[in-house]
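Keep in mind it's a predicted model, so treat the numbers as computed, not measured. Residue numbers run from 1 in the order of the sequence given.
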Amino acid sequence: MYKTSAWPLSQAYVALIVYASLYPFTGWRDQGIAPWEFIWSPWPKYWTGFDLAANVVGYIPMGFLLALSFARRSQLRAAATGNASAMAVAVSLAAALSFLMESLQTYLPSRVPSNVDFALNTIGALVGASVSTVLERAGAIDRWARVRGRWFVDDARGAMALLALWPFALLFPASVPFGLGQVYERLEGALADWLADTPFLEWLPVRDVELQPLVPGAELLCVAFGLLVPCLLGYSVLRSAPRRAAFCVIVVAVGFAATALSAALSWGPAHAWAWLSLPVQLGLSAGFIVSMALLPVPRRGCAALVLLVLVLHLVLLNQAPASAYFTNTLQTWEQGRFIRFNGLAQWLGWLWPYAALVYVLLRVSGREPPNKMPQ
């Protein structure tokens, strides 16, 4: 069995597709329509080129990741038709998921099931699976596997999947740059709403004072911790200090680009760098310097440091509220073309640190993987 990060990534992507397809998850009811009735529906009266492209593009990564996951399995690779079988399985699974999502939308008055969406989703999965098959047959995947083997330890799939998702988590605008996982205030409000008109509402702890914005020094630390986490996570599965140094530079560059893109989408291209205040600059500099200083630390030590830094980051970040100005910037994401992407990026931004926390806890408690270089 070939170990590949495509499988955990495909699972994460399926979860995101489910969320995007069933958002906002409210108003479920039986409308007296068979869930498969959409198959015979006429061409929708209202549609845009963006909607058509989004339905195709949204399923391309799923087709690619699923096909790659199955193609890298030894029993499929050993067969003469292994790649074709992987492609067929990937497209079939993606089509089945799309059919299920469109069927469930029948029970959501805010969503409209569409045979056109189903067809476009399947086409997107076919395109992604075809690209994976072409790359596999051309040997590009094997070359990447050799490069991956030189850079990362064998059991690095979970960390690589988390690191691949990190830039997308940064795309949802955060009240503090690189500040992922700010959920306390939202959870508090959600619990109060759920327990309203019940005796359990009195069980909730009541704060005497409102959450206060972070002072510049605390914001500096949050930014530094936010940069340290992906760097240390990568260090825990990278083979050597020089590769760690290169990886750290890549993390900084990708983080800058993702945060700037988020700002550009929220406030316009002219304000792409508005988030780069003095505390943020100092925090990024401090995070980069500390990351470089930690290059010699053993992999298990880096994993333990991820736990420490994550906990400090989340505790500090969740002591601050989302500012009113920050809340206003989310309106752009919660309407129009960003409505579906909003949900995906938002949940990634909320859950990524906690997923990383669980992964590192399991890694620290388990056996250290061997550091055998590939031949």
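Side chain of Thr106 to main chain of Ser103: a donor-acceptor pair is present (N/O by atom type, distance under 3.5 Å, no hydrogens or angles). Within the 3.5 Å criterion, the main-chain N or O of Ala241 finds no donor-acceptor partner in the side chain of Tyr235. At distances below 3.5 Å, not a single donor-acceptor pair connects side-chain atoms of Arg157 with backbone N or O atoms of Trp7. Gln105 places no side-chain N or O within 3.5 Å of a backbone atom of Arg111 that could act as its donor or acceptor partner. Side chain of Ser262 to main chain of Leu171: a donor-acceptor pair is present (N/O by atom type, distance under 3.5 Å, no hydrogens or angles). Here the side chain of Gln281 pairs a donor or acceptor atom with the backbone of Leu276 at under 3.5 angstrom. The closest donor-acceptor contact from the side chain of His313 to the backbone of Cys222 lies under 3.5 Å. For the pair Thr259 (side chain) and Phe256 (backbone), a donor-acceptor distance under 3.5 Å is absent.
Taking the side chain as every heavy atom from C-beta outward, Leu180 and Trp166 approach each other to under 4.5 Å. The closest side-chain heavy-atom distance from Phe64 to Leu135 is below 4.5 Å. Contact check for Trp352 versus Leu170: no side-chain heavy atoms found under the 4.5 Å cut-off. The side-chain heavy atoms of Arg150 and Arg243, taken from C-beta on, include a pair separated by under 4.5 Å. Between Phe38 and Val112 there is no side-chain heavy-atom pair separated by less than 4.5 Å. Side-chain contact check for Tyr107 versus Arg29: every heavy-atom pair is 4.5 Å or farther apart. Side-chain contact between Leu314 and Pro353 is present, with heavy atoms from C-beta onward closer than 4.5 Å. Contact check for Phe247 versus Leu163: side-chain heavy atoms found under the 4.5 Å cut-off.
Placement of Phe178 and Val215 in two distinct hydrophobic clusters is found when ILVMFWY residues are connected by side-chain heavy-atom separations under 4.5 Å, directly or transitively. A single hydrophobic cluster is not seen to contain both Met62 and Val134; linkage of ILVMFWY side chains at heavy-atom distances under 4.5 Å, directly or through other members, places them apart. Linking Ile, Leu, Val, Met, Phe, Trp and Tyr whenever their side-chain heavy atoms come within less than 4.5 Å puts Leu93 and Leu22 in one cluster. Val18 is not connected to Phe118 by any chain of hydrophobic side-chain contacts under 4.5 Å among Ile, Leu, Val, Met, Phe, Trp and Tyr, and they are in different clusters. No path of Ile, Leu, Val, Met, Phe, Trp and Tyr side chains, each step under 4.5 Å between heavy atoms, connects Leu282 with Phe225, placing them in separate hydrophobic clusters.
Expressed to the nearest 0.5 Å, how far CG of Leu228 lies from CG of Leu233 amounts to 12.0 Å. To the nearest 0.5 angstrom, Ser21 atom OG is 9.0 Å from Leu104 atom CG. Atoms OG and CG, from Ser98 and Asn121 in turn, are 3.5 Å apart once rounded to the nearest 0.5 Å. Here the straight-line distance linking atom CG of Leu9 with atom CG of Leu162 works out to 9.0 Å at 0.5 Å rounding. Interatomic distance, Leu307 CG to Cys302 SG, rounded to the nearest 0.5 Å: 12.0 Å. Between Leu97 atom CG and Glu102 atom CD the span is 10.0 Å, to the nearest 0.5 Å.
A pairwise comparison of heavy atoms in Val223 and Gly283 identifies CG1-C, 3.9 Å as the closest pair. Smallest separation of non-hydrogen atoms from Ala304 and Val364: N-CG2, 4.0 Å. Considering every non-hydrogen atom in both Gly181 and Asn318, the closest pair reads O-ND2, 3.2 Å. Taking both residues in full, the closest heavy atoms of Ile17 and Gly58 are given as CD1-O, 3.7 Å, listed atom of the first, atom of the second, then distance. Between Gly287 and Ser291 the shortest heavy-atom distance is O-OG, 2.7 Å. Contact between Pro167 and Ala164 at its shortest, heavy atoms only, is CD-O, 3.4 Å.
Ring centroids of Tyr13 and Phe168 are separated by 6.0 Å or more, keeping the two rings apart.
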- Message: What verdict does the side chain to side chain contact (heavy atoms under 4.5 Å, CB included) test give for Cys231 and Arg244, after you've listed the backbone C-alpha separation in whole Å, the side-chain angles of each residue and the deciding distance to 0.1 Å?
- Response: CA-CA 8 Å; Cys231 289; Arg244 288 181 175 185; over 6 Å; no
- Query: Hey, mind stepping through Cys248 and Met292 against side chain to side chain contact (heavy atoms under 4.5 Å, CB included) and telling me if it holds?
  - Reply: CA-CA 8 Å; Cys248 180; Met292 285 296 183; 4.3 Å; yes
- Before giving the answer on side chain to side chain contact (heavy atoms under 4.5 Å, CB included), spell out for Leu294 and Val290 the whole-Å C-alpha distance, their side-chain angles and the decisive distance to 0.1 Å. CA-CA 6 Å; Leu294 295 174; Val290 174; 3.9 Å; yes
- Start with the C-alpha gap between Trp28 and Leu108, add the side-chain angles, then the distance that decides, and say whether side chain to side chain contact (heavy atoms under 4.5 Å, CB included) holds. CA-CA 5 Å; Trp28 294 87; Leu108 281 170; 3.6 Å; yes
- Task: For Arg148 and Asp154, run salt bridge (Lys or Arg N to Asp or Glu O under 4.0 Å): C-alpha distance rounded to whole Å, both residues' side-chain angles, the deciding distance at 0.1 Å, then the answer.
- Result: CA-CA 9 Å; Arg148 176 189 182 276; Asp154 293 339; 6.0 Å; no
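Under the side chain to side chain contact (heavy atoms under 4.5 Å, CB included) rule, Arg299 has a single partner from Val153, Leu238, Val237, which is Val153.
For the 3.5 Å distance criterion, the side chains of Ser175 and Gln182 qualify, holding a donor opposite an acceptor.
Heavy-atom contacts from other residues, nucleotides or ligands closer than 6.0 Å to CH2 of Trp36 number 12 or fewer.
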